[in-house]
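Data first, discussion second: the structure below is written as structure tokens.
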Amino acid sequence: MSVFNQSRSYIIRIIFLVTFFVIIAQLFNLQVLSSKYQQLAQENAVFRKTVYPPRGIVYDRKNRAIVNNTLIYDLMVTPSEMRNVDTAYMCQLLEIDTADFKKRIITAIVKNGRYRPSAFEPLLAPEKYARLEENMWRFGSGFFLQERPVRTYPYNAGAHFMGYIGEADSGIIARSGGFYQPGDYVGRSGIEAFYERILMGQRGVQYLIKDNKNRLVGSYEGGEFDSAALAGRGVRTFIDIEVQALAEKLMTNKVGAVVAIEPKTGGIIAMTSGPNFSPEALTGTNFKKTYSKFVLDVSRPLLNRAIKGQYPPGSTFKPLGGLVALDEGLITPGFGYPCGGRYYACGIGKPACTHSGGGHAANLRLAIANSCNSYFTHVYRMAVDNPRIGNHKDGYAKWKDYMNAFGLGIRLGVDLPSEDKGNIPDTSKYNKVYRNVWSSCTNLTLGIGQDMMTATPLQLANAMCIIANKGYYYTPHIVKNVDNETPQDTILHKFRKKHEVLTHIPDSAYNAVIWGMQDVVTNGTARAAAIPGINLCAKTGTAQNFRFIGGKKIELNENSMFVCFAPRENPKIAVAVVVENAGFGSTAAAPIASLLVEKYLNDTLRPESVKKAEAMAAKNLMPSILKREQFIADSTRAYEWYRITHDSSYIRKFWRRTAEENKPRTDSADKKKVDSPQKQKAPERVVYQKLEAINPDQKILYPRKQPIPHVA
């Protein structure tokens, strides 16, 4: 063999040898060093399933479970793994069309990407789950059923303070720094949100083996790599679920709120807002179909008026005004005012008094019992114009400090999200409104809880706690303690701190006010609220109520207000009740509060009280103005939808209503038509309908006139 051929032979051998070593090295890398293909193979054979823990159980003060859990299922999809899916059959089972199927897949990709599981249909109804469970093998590897614990409510009460849970959106996930993952459910309101980290528990993972048809056939490696889900911890509350249920019953078909607090601890015994709703309406499969309905309802059932409703306290404020004057040394318990039915000291004869004559304001006790407007207007002016403080602006600032100490005009810090602070305006507000020229006569109705003053029902109940405790309070809260509480659980610390805000006021001053409040029930404005064997201390209130409709200020029926605590000797419950548009405080709010106090202190109701409760629950006191407001809101949305889409299906019913109103009317006396059919004019091609719409920026109502095509 020539030298040239020998050289070429060596080169070929070297090439084959190098290639062999490269192949061996790559095989070693793939099988020993690299985990990429092992992971891919494992993903084809092993399914990683997130296990969601049950949330912590919520108990009432008698350790009855008022919120529990049950299991429901989500249909999940991982778009990148979708293979051999019988789309038509899945659409048939889910009762959707193929267009909706494609839309959901696109939404899942946009929301979580192709490689992460997303809820294709969350919270399956039982019948849909049953149909899917036996047919999952038809849908390839991209779909699976995910267990999901959801809330149940054994007593079907407490919707507003309990709140609801919902899927974590992108904002929540971002704010959590990745703690939450797509598909997680979190507390979105109420104590579900406030105590989320305690109630949520800890996610677990389960690895399952898949066969060649992508069916799950068992656990992987006997569950060696699984991690168990840890259930959330339970919380014990101050809520008395029977009192809560009674409060909700009494507020049926009413707008307003009820708050009951244990004065010695700040524990909330009951809290409800009207109109109320079943907490089950926002859980499981009910959520989607009811949430949007609630959002569009102008009566705002989702609004917790107990912490967000802002009302002029009216005469329920008068005991606080009396305490301020007593503490400042401006009056004594024997101070009287010669009220003839109106307050004339500012030259305008306002405000007027519901009660007058007969020495009804001869002293503080009588003034509280008879709710004398002139007396407390004058007491307010004395506090603001106190010469020892300085000018009226300094006096007003001092008076405002008292109000803040009573918990008005500030957020109390209840263990619920989104509490409002009400309004006690400062001097800068009056300087702005009245161009720096004002006096105690300008805002004299602050003395009877009106003018710009507003308070939440929670604040009014807490103010009663301060009077009952003679100067101190604990921040109102629902949760008493957490199961298996540790030193790291600091969330309840602030609720165990005693706030001695007005303990410097002498007991003699408190006693003068407290005896006057007892007289309100024994021989004053709320005699119907008396409970045999219980010394109830209370104050009625009636506050003016206005709405702006069509750019006009409309005066509605007054709000019925009532605050109380009992028993006088050792207060165990303080209550505030507001019923909108219900008239005098003694007619609606007082009976509700009285029934709740009796139920809580006696653990039962007398037979006559049961009848009273049934009668109150049957009363429909929903403001009549709501019908008009609902029509305005619905017709405005219908018009906007028509303007954008030219789809008249939604707005047709409003056209029909307008057409009905324009039809010739029949004379009821002789049953003859006013206009014969022959004389009726043909309908115009364009009908101009006046709509009233809400400007979302200015938050006011304004009239709108728009041409709307005629529909025959």
Side-chain angles (χ1 to χ4, degrees), residues 56-68 153-155 157-163 187 189-195 198-199 233-248 251 257-273 279 304 306-307 407 412-417 419 456-466 468-469 472-485 489-499 563-567 570-577 593 595-603:
I57 299 173
V58 181
Y59 301 89
D60 83 337
R61 68 191 302 117
K62 296 181 180 177
N63 293 321
R64 295 170 289 198
I66 58 177
V67 182
N68 216 322
Y153 302 86
Y155 293 89
H160 284 100
F161 71 80
M162 276 308 311
S189 66
I191 65 173
E192 292 278 16
F194 194 91
Y195 294 97
I198 290 171
L199 294 169
R233 287 184 289 164
V235 295
R236 312 281 166 164
T237 71
F238 287 96
I239 296 292
D240 186 316
I241 196 60
E242 292 182 357
V243 177
Q244 175 70 29
L246 177 61
E248 294 186 10
M251 288 297 292
V258 173
V259 179
I261 303 177
E262 185 177 66
K264 293 286 191 293
T265 63
I268 295 175
I269 299 165
M271 175 186 285
T272 189
S273 176
N304 186 356
I307 62 172
L412 294 171
V414 66
D415 52 350
L416 295 171
E419 176 196 3
T456 66
L458 178 71
Q459 291 173 327
L460 295 178
N462 185 69
M464 291 303 103
C465 291
I466 294 174
N469 293 333
Y472 73 86
Y473 75 97
Y474 288 88
T475 300
H477 57 292
I478 292 171
V479 172
K480 183 178 184 180
N481 52 54
V482 176
D483 287 353
N484 304 316
E485 193 168 339
D489 294 321
T490 60
I491 193 169
L492 292 174
H493 286 187
K494 70 174 184 176
F495 302 117
R496 294 165 180 167
K497 179 182 178 182
K498 187 176 183 180
H499 303 284
V563 294
C564 66
F565 61 86
N570 181 25
K572 296 180 180 178
I573 182 172
V575 181
V577 179
L595 289 165
L596 295 178
V597 170
E598 180 181 349
K599 173 64 178 174
Y600 181 71
L601 295 181
N602 295 340
D603 202 30

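Counting begins at 1 with the first residue of the sequence.
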Any idea which heavy atoms bring [X] and [Y] closest together, and the distance?
{"X": "I66", "Y": "T237", "value": "CD1-OG1, 4.4 Å"}
{"X": "S189", "Y": "G163", "value": "OG-CA, 3.2 Å"}
{"X": "P154", "Y": "A65", "value": "CG-O, 3.5 Å"}
{"X": "I261", "Y": "A461", "value": "CD1-CB, 3.8 Å"}
{"X": "P417", "Y": "A193", "value": "CG-CB, 4.0 Å"}
{"X": "P476", "Y": "N462", "value": "CG-OD1, 3.6 Å"}

With rounding to the nearest 0.5 angstrom, report the OG1 to OH distance, T265 to Y474. 8.5 Å
CD1 (I191) and CD1 (I268) are apart, to the nearest 0.5 Å, by 10.0 Å
Got a sec, which residues hit side chain to side chain donor-acceptor pair (under 3.5 Å) with [X], two or more places apart in sequence or on another chain?
{"X": "R61", "value": "E262, Y600"}
{"X": "R233", "value": "D489"}
{"X": "E248", "value": "Q244, N276"}
{"X": "N63", "value": "R236"}

Quick one, [X] and [Y] - any side-chain contact, counting heavy atoms below 4.5 Å?
{"X": "N304", "Y": "M271", "answer": "yes"}
{"X": "N570", "Y": "K264", "answer": "yes"}
{"X": "I198", "Y": "E485", "answer": "no"}
{"X": "Y59", "Y": "D483", "answer": "yes"}
{"X": "M162", "Y": "P279", "answer": "no"}
{"X": "Y153", "Y": "V67", "answer": "yes"}

Results of salt bridge (charged side-chain N to carboxylate O under 4.0 Å, His left out) for [X] - residues two or more places apart only:
{"X": "E192", "value": "R55, R151"}
{"X": "R64", "value": "D60, D240, E242"}
{"X": "K62", "value": "D603"}

With a sphere of 6.0 Å drawn around NZ of K572, does it hold more than 12 non-hydrogen atoms of other residues, nucleotides or ligands? no
Just jot down the side-chain contact (heavy atoms from CB on, under 4.5 Å) partners of [X], sequence neighbours excluded, or say none.
{"X": "A260", "answer": "I269, A270, I573, V575"}
{"X": "K480", "answer": "F238"}
{"X": "A574", "answer": "P263, M464, C465, F565"}
{"X": "F495", "answer": "F194, Y195, D415, T475, H477, L492"}

Please check if the side chain of T456 supplies one atom and the backbone of Q459 the other of a donor-acceptor pair under 3.5 Å. yes
Y472 and H499: CA distance, side-chain angles, deciding distance, side-chain contact (heavy atoms from CB on, under 4.5 Å) verdict: CA-CA 5 Å; Y472 73 86; H499 303 284; 6.0 Å; no
